[in-house]
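Working notes, beginning with the structure itself.
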Amino acid sequence: MLAFVVGTRPEIIKMAPVIRECKKRGIADLIIHTGQHYTYEMDKVFFDELELRDPDYMLGVGSGTDAEQTGKILVGVESALTKEQPDVVLVEGDTNSVFAGAFAATKLHIEVGHVEAGLRSFDRFMPEEINRVLTDHVSDYLFAPTANAEENLLAEGISANKISITGNTIVDAVHQNLRLAQKRVSVLNELNIEKKNYFLITAHRQENVDNKARLTGILKGLTELHYKFDAPIIFPMHPRTKKRVAEFNLPLDGVTPISPIGFLEFLLLEANAKLVITDSGGVQEEACILKVPCITVRDNTERPETIAVRSNLVVGTDPDRIVTGAKAMLNTPRNWSNPYGDGDSGQRIVSILTRAFEACGVEI
Ligand code: UD1
Ligand code: UDP
């Protein structure tokens, strides 16, 4: 049996292609949801839109400090795994749910597969960087999306025979859902915006939005972009960001904040945006796949492939650099190629696991 541990928006979206592939092949699976994300628009909407079945375990850990959240996830996952004894536990990405899920499994001598292994920002200030490194080092199967991610793992001494380059499952998710989004959702009409005539922004990184100066810089940059280009700035606001904007009492001049939206709605907004502005990992990848220019309001990125193909520019949070970066990216030809694979990562990951288990005489 394969067990999936998921807990947040990006994990649900990026694990969905692997879960679907297991369903297609009739492989028994178990879904453990940590409950790190829990409000409808951060969680259930993705199960509905991506047609995933309900989780078998809902741990309901909710929000808290890193230690509280990680500790509760460890206890909950340990208890579910002890009861169910799966053959392998799969986690995706770099959140507290990912690290705690992987750590609980490995301590029970259950094999761990890390989807999206090997990403590195080399910035230990980010909680995600610590989660990624620790998860990779307890994993038995490392599904690296690109050759660059594989190199990062080899440089840390992880043995080559544990690593496979699979592409990123986000390509599968985009391919599986973009046409559906074009058919089903009318978010541009609802927001009264025109194709290629608006900017789309997401920002939620702890080191950005919990820091008043950095969040102020981002918002000022957005205001300048709005007036310079006379274009709407659509900002589906993560709950962490909404909380901080209110707490710091920051103005949203020229910015249209909306609630977080479903994946289909968000894909359509991304595909038709003039430019994407983000500090999200997944959004940098999606903009690259959709051939929409992107600027990243951070000081580094663990997605260097997007910089190499010139779909993305890291600009920090200074308003002038945001505007200069946006102008530069708007003038960049959209002819880069997608470095994240051809959309069959889910199939590859499941095939690697089934072959490994067959070799040991275990049928999954
Ligand atoms: C987490 C991950 C981050 C990931 C992001 C995806 C860690 C350390 N961080 O950050 O890597 O990029 O998810 O979006 O694991 N909240 C709600 N409703 C929810 C969830 C959260 O209102 O469903 C609010 C709560 O006030 C909470 C805050 O958002 O305190 C932050 O949530 P949390 O899960 O701790 O971190 P994220 O910023 O979402
Ligand atoms: N996303 C979404 N609705 C939104 C904002 C983002 O569906 O309102 C999706 C987006 O398409 C991407 C994922 O959420 O697949 C990225 O998640 P997030 O930015 O929260 O986390 P990160 O990728 O930075 O870990």
Side-chain angles (χ1 to χ4, degrees), residues 6-17 33-46 48-50 60-70 72-73 91-101 116 119 121 125-132 134-135 168-174 176-178 181 185 187 200-210 234-244 246-247 257-271 273 276 278-290 292 296-298 301-303:
V6 294
T8 68
R9 168 167 80 183
E11 294 160 61
I12 302 165
I13 293 170
K14 287 178 166 176
M15 197 64 105
H33 191 320
T34 67
Q36 179 171 346
H37 284 178
Y38 45 87
T39 42
Y40 178 80
E41 66 269 19
M42 295 299 289
D43 168 25
K44 181 80 166 60
V45 63
F46 304 107
D48 292 346
E49 284 190 345
L50 302 172
V61 302
S63 306
T65 66
D66 263 62
E68 276 167 355
Q69 204 172 47
T70 308
K72 282 185 192 163
I73 300 169
V91 292
E92 190 290 326
D94 54 21
T95 67
N96 289 343
S97 293
V98 171
F99 165 62
E116 204 178 60
L119 274 61
S121 65
F125 203 67
M126 298 176 71
E128 293 84 0
E129 182 75 354
I130 298 163
N131 289 335
R132 284 180 205 122
L134 295 175
T135 304
N168 196 308
T169 58
I170 195 62
V171 185
D172 310 32
V174 169
Q176 287 165 11
N177 293 289
L178 184 60
V185 301
V187 62
L200 177 66
I201 155 99
T202 77
H204 73 282
R205 293 255 88 81
Q206 190 174 311
E207 62 277 14
N208 271 345
V209 305
D210 289 5
I234 307 298
F235 194 165
M237 211 176 266
H238 189 287
R240 177 192 282 275
T241 314
K242 188 175 174 194
K243 214 162 84 176
R244 296 297 182 228
E247 196 180 299
I258 59 174
S259 296
I261 48 180
F263 185 54
L264 298 184
E265 291 77 4
F266 192 79
L267 266 186
L268 205 63
L269 277 186
E270 270 181 309
V276 168
T278 196
D279 66 9
S280 154
V283 175
Q284 292 173 63
E285 294 160 353
E286 285 165 356
C288 178
I289 296 161
L290 292 165
V292 176
T296 295
V297 284
R298 286 175 44 188
T301 180
E302 60 292 309
R303 269 80 178 178

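Here the structure is a predicted model, which is why all the values come from computation and not from measurement. Below, all heavy atoms of this structure are taken into account, side chains as well, without hydrogens, waters or symmetry copies. Indexing begins at 1, ligand by ligand and atom by atom, following the structure's order.
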Of the backbone atoms (N, CA, C, O) and the side-chain heavy atoms from C-beta on, which set of Glu41 has a member under 4.0 Å from an atom of ligand 2: side chain, backbone, both, or neither? neither
Within ligand 1, which atoms have a heavy atom of Glu128 less than 4.0 Å away? 3 (C), 9 (N), 11 (O)
Side chain, backbone, both or neither: the part of Ile261 lying under 4.0 Å from ligand 2 by heavy atom: both
Quick one: does Glu41 get within less than 4.0 Å of ligand 1, heavy atoms only? no
With heavy atoms under 4.0 Å as the rule, classify the contact between Met42 and ligand 1 as side chain, backbone, both or neither. side chain
Using a 4.0 Å heavy-atom threshold (strictly under), name the region of Glu265 that reaches ligand 2: side chain, backbone, both or neither. neither
Output yes when the distance from some N or O of ligand 2 to some N or O of Asp279 is under 3.5 Å, and no in every other case. no
Considering heavy atoms of the protein only, find what lies nearest to atom 28 (C) of ligand 1 and give residue, atom and distance to 0.1 Å. Arg240 CB, 4.1 Å
Would you say Gln206 contacts ligand 1, with heavy atoms under 4.0 Å as the rule? no
Would you say Lys243 and ligand 1 have an N/O pair spaced under 3.5 Å apart? yes
Heavy-atom pairs closer than 4.0 Å: do any link ligand 1 to the side chain of Pro10, the backbone, both, or neither? side chain
Heavy-atom protein neighbour under 4.0 angstrom from atom 16 (N) of ligand 1: yes
Nearest to atom 27 (C) of ligand 1 by heavy atom, Ala100, Ser63, Ser280: which? Ser63
Quick check: does Gly282 get an N/O under 3.5 Å from an N/O on ligand 2? yes
Test your reading of the structure: does Thr39 have an N or O sitting under 3.5 Å from an N or O of ligand 1? yes
